[in-house]
Amino acid sequence: MAEKPNAMPEEENVLLHTALFKQVSPEQAEELIPHLNQAVYDKGEAIFEQGGTDHRMYLLEHGRVKLVRESNDHRIQLLSIHAPGEVLGEIPVFDPTGGPRTASALAMNHGTRVVWLEHDALFHWLDQHPRVAIDMLQVMAGRMRSNNEHISDLVFMDVPARLAKTLINLASRFGEPVEEGLKVPHDLTQEEMAQLVGSSRETVNKALMDFANRGWIAREGRSIIIYQPGMLIRRSRR
């Protein structure tokens with residue numbers, strides 16, 4: 001992990017590009033600059049670890065990060081993937097007990113960059129700008145809604161529907177237009193893709209093969225080319 005100076009040009013201020021601070025003026029955001037710490041991670045390195053008791057909130061500036069949770073018998077579950085501009089590790093910051101962390105955050109790319117704030121600096125700033133707390137509640141409410149929807153999907157949707165929904169979600173966040181269609185470089189192993197869908201690797205591979213045979217998608221290493229997103233959307237709603 002390589003630390004960098006706190007100072008950042010205004011046009012590179014990551015705070016201005018996050019949903020969490022969308023109602024904040026550049027001048028208000030600049031007040032936090034002296035308190036920002038920046039760090040760079042290589043692929044596979046932990047930004048924070050499950051069980052940790054730090055009180056930092058992270059903002060992903062560049063790269064992708066996956067949240068994983070380890071069970072008592074050392075099984076690993078992939079919980080979510082995060083893109084630039086998203087918040088990481090906010091639960092211990094707003095939890096009155098202060099922790100511990102419920103998952104680990106691992107860099108998915110070399111040169112993954114985050115900035116982080118300590119609890120005290122953030123709360124002192126919120127005292128000066130209470131309107132931002134409303135934005136934080138909105139972001140957290142959105143995340144809670146997504147979690148509830150995911151739980152509902154596990155109960156009511158079959159695996160192909162969940163897979164179709166997962167592919168559409170990944171495409172909307174990471175998709176790259178190519179001549180053949182939409183390329184989604186998910187950079188996940190088969191086991192991780194299965195964990196994200198919430199099923200076994202064999203069942204997810206069977207569904208992927210079915211989608212490919214129908215001409216909806218094609219697999220290309222750790223990327224998927226989506227030819228017919230409309231068919232995936234329709235399948236996700238069945």
Whether the [X] and [Y] side chains hold a donor-acceptor pair (N or O, under 3.5 Å, no angle test) is what I'd like checked.
{"X": "H82", "Y": "S80", "result": "yes"}
{"X": "E192", "Y": "H186", "result": "no"}
{"X": "E61", "Y": "Q38", "result": "yes"}

[atom1]-[atom2] distance between [X] and [Y], expressed to the nearest 0.5 angstrom:
{"X": "S200", "Y": "E191", "atom1": "OG", "atom2": "CD", "result": "8.5 Å"}
{"X": "N72", "Y": "H74", "atom1": "CG", "atom2": "NE2", "result": "8.5 Å"}
{"X": "M193", "Y": "L167", "atom1": "CE", "atom2": "CG", "result": "5.5 Å"}
{"X": "D120", "Y": "W125", "atom1": "CG", "atom2": "CH2", "result": "15.5 Å"}
{"X": "L78", "Y": "T189", "atom1": "CG", "atom2": "OG1", "result": "8.5 Å"}
{"X": "D153", "Y": "E149", "atom1": "CG", "atom2": "CD", "result": "5.5 Å"}

Using modelled atom types and a 3.5 Å cut-off, is there a donor and acceptor pairing between side-chain atoms of [X] and backbone atoms of [Y]?
{"X": "S71", "Y": "R75", "result": "yes"}
{"X": "N109", "Y": "G63", "result": "no"}
{"X": "N37", "Y": "H35", "result": "yes"}
{"X": "R56", "Y": "H119", "result": "no"}
{"X": "N169", "Y": "K165", "result": "no"}
{"X": "T166", "Y": "R162", "result": "yes"}
{"X": "Q50", "Y": "E70", "result": "yes"}
{"X": "Q195", "Y": "I76", "result": "yes"}

Stepwise salt bridge (Lys or Arg N to Asp or Glu O under 4.0 Å) check, E86 with R173
CA-CA 12 Å; E86 295 184 2; R173 300 168 69 202; 3.1 Å; yes
Tell me whether [X] shares a hydrophobic cluster with [Y], the cluster being built from Ile, Leu, Val, Met, Phe, Trp, Tyr side chains joined at under 4.5 Å.
{"X": "M209", "Y": "V184", "answer": "no"}
{"X": "L163", "Y": "I233", "answer": "yes"}
{"X": "L188", "Y": "V159", "answer": "yes"}
{"X": "L208", "Y": "F174", "answer": "yes"}
{"X": "L88", "Y": "L196", "answer": "no"}

Hey, does [Y] have a side-chain heavy atom less than 4.5 Å from the side chain of [X]?
{"X": "D210", "Y": "R214", "value": "yes"}
{"X": "Y58", "Y": "I47", "value": "yes"}
{"X": "V65", "Y": "T112", "value": "yes"}

Minimum heavy-atom separation for [X] and [Y], please, with both atom names.
{"X": "D42", "Y": "G111", "value": "OD1-N, 4.2 Å"}
{"X": "A103", "Y": "L79", "value": "CB-CD1, 3.8 Å"}
{"X": "L182", "Y": "P177", "value": "CD1-N, 3.8 Å"}
{"X": "L32", "Y": "A121", "value": "CD2-O, 4.3 Å"}

For R101 and I91, what are the C-alpha separation, side-chain angles and deciding distance, and is it a side chain to side chain contact (heavy atoms under 4.5 Å, CB included)?
CA-CA 8 Å; R101 292 201 176 274; I91 293 177; over 6 Å; no
Given I81 and L67, is the side chain to side chain contact (heavy atoms under 4.5 Å, CB included) satisfied, shown in steps?
CA-CA 6 Å; I81 297 175; L67 288 186; over 6 Å; no
Side-chain donor-acceptor distances from residues 218-231 under 3.5 Å, at least two apart:
unit_1: R219; atom_1: NH1; unit_2: N205; atom_2: OD1; d: 3.4
unit_1: E220; atom_1: OE2; unit_2: K183; atom_2: NZ; d: 3.3
unit_1: Q228; atom_1: NE2; unit_2: G215; atom_2: O; d: 3.4

Would you say CD of E118 has more than 12 non-hydrogen atoms from neighbouring residues, nucleotides or ligands within 6.0 angstrom?
yes
Let me see the working for D187 and K43 under salt bridge (Lys or Arg N to Asp or Glu O under 4.0 Å), right down to the final yes or no.
CA-CA 11 Å; D187 196 31; K43 183 176 181 178; 3.5 Å; yes
Once side chain to side chain contact (heavy atoms under 4.5 Å, CB included) is applied, do any residues pair with A164, and if so which ones, sequence neighbours excluded?
F211, L232, R235, S236
Apply the test side chain to side chain contact (heavy atoms under 4.5 Å, CB included) to residues W116 and L59: give CA-CA distance (whole Å), side-chain angles for both, the deciding distance (0.1 Å), then the verdict.
CA-CA 6 Å; W116 51 270; L59 300 169; over 6 Å; no
Does V68 form a side chain to side chain contact (heavy atoms under 4.5 Å, CB included) with Q77? I'd like the steps, not just the answer.
CA-CA 6 Å; V68 299; Q77 178 67 42; over 6 Å; no
